[in-house]
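Structure first, commentary second.
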Amino acid sequence: MTARPVRMAVVPGDGIGREVVAEVIRLAEALRSAGSLLASWDELDWGADRFLATGRALPPDGFQRLRAFDAILAGAFGDPRVPDAEYMREILFGMRVELDLYINLRPVRCIDERLNPLKHVRASDIDLVIVRENTEGLYCGAGGLVRPNSVHEMALQEMVVTRRCVERIVRAAFEVASTRPRRKVTLVDKGNALRFAGEVWQNTFRQVAVEFPEVMTEHLYADVAAMEMVRDPARFDVIVTENLLGDLLSDLAAMLGGGLGLAASGNINPGQVSMFEPVHGSAPDIAGRGRACPLAAFGAFALLLRHVHRGDLAGVLEAAIGDVVRAGTVTPDLGGTSTTAEVGTAVRERTLERLAA
Ligand code: ATP
């Protein structure tokens with residue numbers, strides 16, 4: 001089979017986003033030189049520097065240009081010189097909306113007992129995927145302020161739930177579950193308090209479940225789910241949920257996997273250009289000091305590789321990340337003394353060793 005090169009847009013962004021993405025690009029270069037990855041990439045300078053110089057964080061045809069790629073690797077956005085976070089929203093929300101990246105995928109595994117924050121479970125019990133609806137819910141932007149700056153000031157922040165968007169995200173969750181050994185999907189909502197939204201989610205969930213008879217199902221309210229994720233994380237395999245609840249639960253889940261240094265996410269439209277990023281922000285407090293953990297960015301690259309049908313390479317990279325963590329080559333946030341570059345080099349070398357074995 002003659003494969004065509006994978007075309008990637010690389011948007012390192014600001015702060016430690018640039019530092020961790022630089023390590024991923026070193027790995028991609030090494031894989032390309034070793035003949036293991038046929039890929040080309042363009043680096044885009046979207047972010048705070050560009051915003052300060054031109055007043056725009058990205059070019060006017062930016063999103064249009066992204067459609068020419070198979071996947072986007074993003075770093076992080078945010079800079080203390082730009083107190084208004086509007087430019088970050090323009091980039092991140094812009095990509096989600098313009099490219100209709102409706103699946104926010106957040107896999108969480110705890111790869112080493114030393115990173116396990118829970119005393120009563122084993123690290124191997126923590127292995128779940130959150131599939132979060134990424135386009136509507138309370139984050140759809142509908143609403144407004146009535147009588148602003150008065151004693152009668154009133155905010156309306158509306159929740160939008162459409163059958164079409166719920167159905168596609170629920171189906172995506174079942175598809176993810178059907179590729180995993182435990183084959184279980186938990187619907188998390190707040191249907192006891194948010195009745196109308198709950199009805200659409202629960203009815204749609206039941207309807208889509210019929211198409212996947214091999215997948216087990218359960219339904220939990222979000223407060224119970226949060227409790228259960230700490231009490232008994234092993235009960236979860238795939239969780240599907242709406243935008244705000246997914247935002248909250250996926251940060252809780254990230255801590256079960258060892259924290260922000262390791263958490264990666266995909267913003268996906270299946271078969272279309274999709275975006276992969278570490279969950280953490282630009283962390284101005286540690287930027288430029290060689291202390292940023294690049295493992296979340298490597299994890300994001302592994303998700304990107306799966307999206308472009310290189311699951312084989314993604315598996316090798318994930319195994320290499322596990323080796324490096326178990327060997328204790330980690331940055332201070334994970335209890336080690338290594339620098340960003342040292343961790344990056346270790347992951348690169350271990351990946352190449354595993355490929356050569
Ligand atoms: P945001 O508001 O987008 O979440 P932030 O910069 O305020 O961004 P994060 O960067 O997500 O917050 O993380 C909070 C803190 O966690 C950082 O200030 C930093 O100390 C630590 N941290 C985050 N990511 C990493 C990382 N990759 N390596 C080491 N420490 C990190």
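Atoms within a ligand are numbered from 1 in the order they appear, just like the ligands themselves.
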query: Among the heavy atoms of Pro284, does any lie under 4.0 Å from an atom of ligand 1?
result: yes
query: What part of Ile286, side chain, backbone, both or neither, has a heavy atom within less than 4.0 angstrom of ligand 1?
result: side chain
query: What protein heavy atom is closest to atom 26 (C) of ligand 1, reported as residue, atom name and distance in Å?
result: Cys293 N, 3.6 Å
task: Would you tell me which option among Gly259, Gly281, Ala292 has the nearest heavy-atom contact to atom 12 (O) of ligand 1?
output: Gly281
statement: Within 4.0 Å of some non-hydrogen atom of Asp285, the atoms of ligand 1 are 17 (C), 18 (O), 19 (C), 20 (O)
message: Do the side chains of Asp251 and Arg106 get close enough for a salt bridge, i.e. N-O under 4.0 angstrom?
response: yes
Note: Arg235-Asp232 ion pair, threshold 4.0 Å (strictly below): no
query: Between Glu90 and Arg56, is there a salt bridge with N-O shorter than 4.0 Å?
result: yes
Asp70 with Arg7: basic N within carboxylate O range, under 4.0 Å: yes
Between Asn267 and Glu277: side-chain donor-acceptor atoms closer than 3.5 Å: yes
task: Using a distance threshold of 4.0 Å (strictly less than), state whether atom 7 (O) of ligand 1 has a protein heavy-atom neighbour.
output: no
- request: Would you mind running through ligand 1 and noting each atom that sits below 4.0 Å from a heavy atom of Ser282?
  value: 6 (O), 10 (O)
query: Would a 4.0 Å cut-off, counted as strictly less than, catch a protein heavy atom around atom 19 (C) of ligand 1?
result: yes
SB check Arg26 Glu29 (cutoff 4.0 Å): no
- line: Any heavy atom of Ile16 under 4.0 Å from ligand 1? The part involved is side chain
Identity and separation of the nearest protein heavy atom to atom 23 (C) of ligand 1: His280 CB, 3.8 Å
message: Is Leu260 close enough to touch ligand 1? Criterion: a residue heavy atom under 4.0 Å from a ligand atom.
response: yes
field: Neighbour count >12 (heavy atoms, 6.0 Å) for atom CZ, Arg310
entry: yes
field: Short N-O contact, Arg18 and Asp49, less than 4.0 angstrom
entry: yes
